[in-house]
Number of protein chains: 2
Amino acid sequence: MPERVLIYEDNDALRKSLEELLMLSDEFVVVSTARDCLSVEEDIRQLNPDVILMDIDMPGMTGIEAVKKIRVFNKKIFVIMLTVFEDNGHVFDAICAGASGYLLKKNVSEKLIPAIREVLTGGAPMSPVIAKMVISSMQKSSGKQYNFTVRENDILKLLCKGMSYKMIANETGLAFETIRSYIKNIYEKLQVHSATEAVSKAINEKLV
Amino acid sequence: MPERVLIYEDNDALRKSLEELLMLSDEFVVVSTARDCLSVEEDIRQLNPDVILMDIDMPGMTGIEAVKKIRVFNKKIFVIMLTVFEDNGHVFDAICAGASGYLLKKNVSEKLIPAIREVLTGGAPMSPVIAKMVISSMQKSSGKQYNFTVRENDILKLLCKGMSYKMIANETGLAFETIRSYIKNIYEKLQVHSATEAVSKAINEKLV
DNA sequence: ACGATAATACCCCAATCAGGGGGGTATTTA
DNA sequence: TAAATACCCCCCTGATTGGGGTATTATCGT
């Protein structure tokens, strides 16, 4: 049984060629195409696609907004984003919104069918540059911008687990007042004035 | 000029074949091989490799520990991890430690040289399954496990930015006591008892 | 159209916790 | 030997937490 593909792409020529490309293979059937994704929810309920090809820039609603909307009611449909640029912000937004893969338009002719096959078998197709961006975003920020001492780092780690001063004192075996003075130093180095700020900054900047 | 490759792999047969595979191509020169990575820091300073192939499981020091050690003094060398399993924990640990790519041993013969080329041109080679794991880990946890109301979500978001009750009250235009009662509800739903715990949980579970 | 339920917005009291300001000593390292 | 690190203590104010409430709108199912 062929996989059901739904296409959203506002460029008429590209939309046509995507459709034709897929029609050449009997693995796939294009259940519908559209130049905007305003009716995406309705479309999905009616057409029950397995895979959606979604342009990022479209009039009315962007592809990223559409993915968010889809994920509210459906976690299983695979959505492959199509884009011209390997643009940092858009890529991350789309991935966080729940995209399954990321295809550059310039590579569409060779990569489209392999990419669809890849998502269907549990993969996440993306260009090498995007893969690198994703990996980089997960890596610890080289660590030493704030010049924490070993102890300060330990205590920040415990603070980030949500522990109170008392609990940290118990956990480390240090005196309560010692913890307090370490935390004062940590705040000074992080340039913050509360535990929540410190935790927020530490986690978001991957300091721990 | 050929790229300088350094190999750490405790299995003698595999280490030999990796070396031989690379020697077949004049793109690469294997500057050294070792069955453990205890002297990795010294090796790097002496041999100045461009790329390191690093087994994950080795006696003495694991490949992951070795990557961490490398990243303390060198951020540029590419490290490709070699592993038998697409094991969740190890993969993430290695990526967070600073690995540049992830190669499954069963695919080494076809994928090794393309993978090295890929890291050298700014990519991040990894198997489809690993790519999928990485992507999944970045995506928002579907949202509604804790059944926050719109307001509760707003306020949790502000709390996660490190704001105090007062600041949140100013920001939202609501009364201080209103913020307090929302935060009580948030704590109840999250099953926590302090702002730091809430922020920690919210950020780590990508609720905001 | 009806009550039930949920969401929103607000208030008080009491006890504990955290944050900013001081102060200090001992040990290790450069 | 000066600097850095690790450790400890006091005071005071203001913030946070946990326990009670009340009132007004929406929203939903029958």
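These figures come from a predicted structure and were not determined experimentally. Side chains are part of it too, since the values below use all heavy atoms of this structure and drop only hydrogens, waters and symmetry mates.
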Could you list, one pair per line, each protein nitrogen or oxygen that sits under 3.5 Å from a nitrogen or oxygen of nucleotides 8-12 of chain C, together with the distance?
from	atom 1	to	atom 2	distance (Å)
C:dT8	OP2	B:T149	OG1	2.3
C:dA9	OP1	B:R151	NH2	2.9
C:dA9	OP2	B:R151	NE	2.3
C:dA9	OP2	B:Y182	OH	3.2
C:dC10	OP2	B:A175	N	2.7
C:dC10	OP2	B:T178	OG1	3.0
C:dC10	O5'	B:T178	OG1	3.2
C:dC10	N4	B:S181	OG	2.8
C:dC12	N4	B:E177	OE1	3.3

Under-4.0 Å salt bridge between [X] and [Y]:
| X | Y | result |
| --- | --- | --- |
| B:E9 | B:R35 | no |
| A:K132 | B:E118 | no |
| A:E188 | A:K184 | no |
| A:E42 | A:R45 | no |

Taking atom [atom2] of [N] as reference, at what distance in whole Å does atom [atom1] of [X] sit?
| X | N | atom1 | atom2 | value |
| --- | --- | --- | --- | --- |
| B:M167 | D:dT16 | CE | C1' | 15 Å |
| B:I155 | C:dA7 | CD1 | P | 14 Å |
| A:Y187 | C:dC17 | OH | C1' | 11 Å |
| A:K166 | C:dA18 | NZ | P | 8 Å |
| B:I179 | D:dA15 | CD1 | C1' | 15 Å |
| A:I183 | C:dG21 | CD1 | C1' | 17 Å |
| B:N153 | C:dA7 | CG | P | 12 Å |

Name every residue in residues 190-198 of chain A that has at least one heavy atom under 4.0 Å from any atom of DNA chain C, in order of residue number, or write none if there are no such residues.
A:H193, A:S194, A:A195
For residues 165-178 of chain A, pull every pair meeting salt bridge (Lys or Arg N to Asp or Glu O under 4.0 Å), keeping only residues two or more places apart or in separate chains.
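Only A:E177-A:R180 qualify under salt bridge (Lys or Arg N to Asp or Glu O under 4.0 Å).
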Hey, could you give me each pair passing salt bridge (Lys or Arg N to Asp or Glu O under 4.0 Å) that has a residue in residues 191-207 of chain B? Not counting sequence neighbours.
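Matches after skipping sequence neighbours: none remain.
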Could you work out, with side chain to side chain donor-acceptor pair (under 3.5 Å) as the rule, every residue matching A:S194, not counting sequence neighbours?
A:T196
Just jot down the side chain to side chain donor-acceptor pair (under 3.5 Å) partners of A:D43, sequence neighbours excluded, or say none.
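For A:D43 the side chain to side chain donor-acceptor pair (under 3.5 Å) partners, ignoring immediate neighbours, are A:Y8, A:S39.
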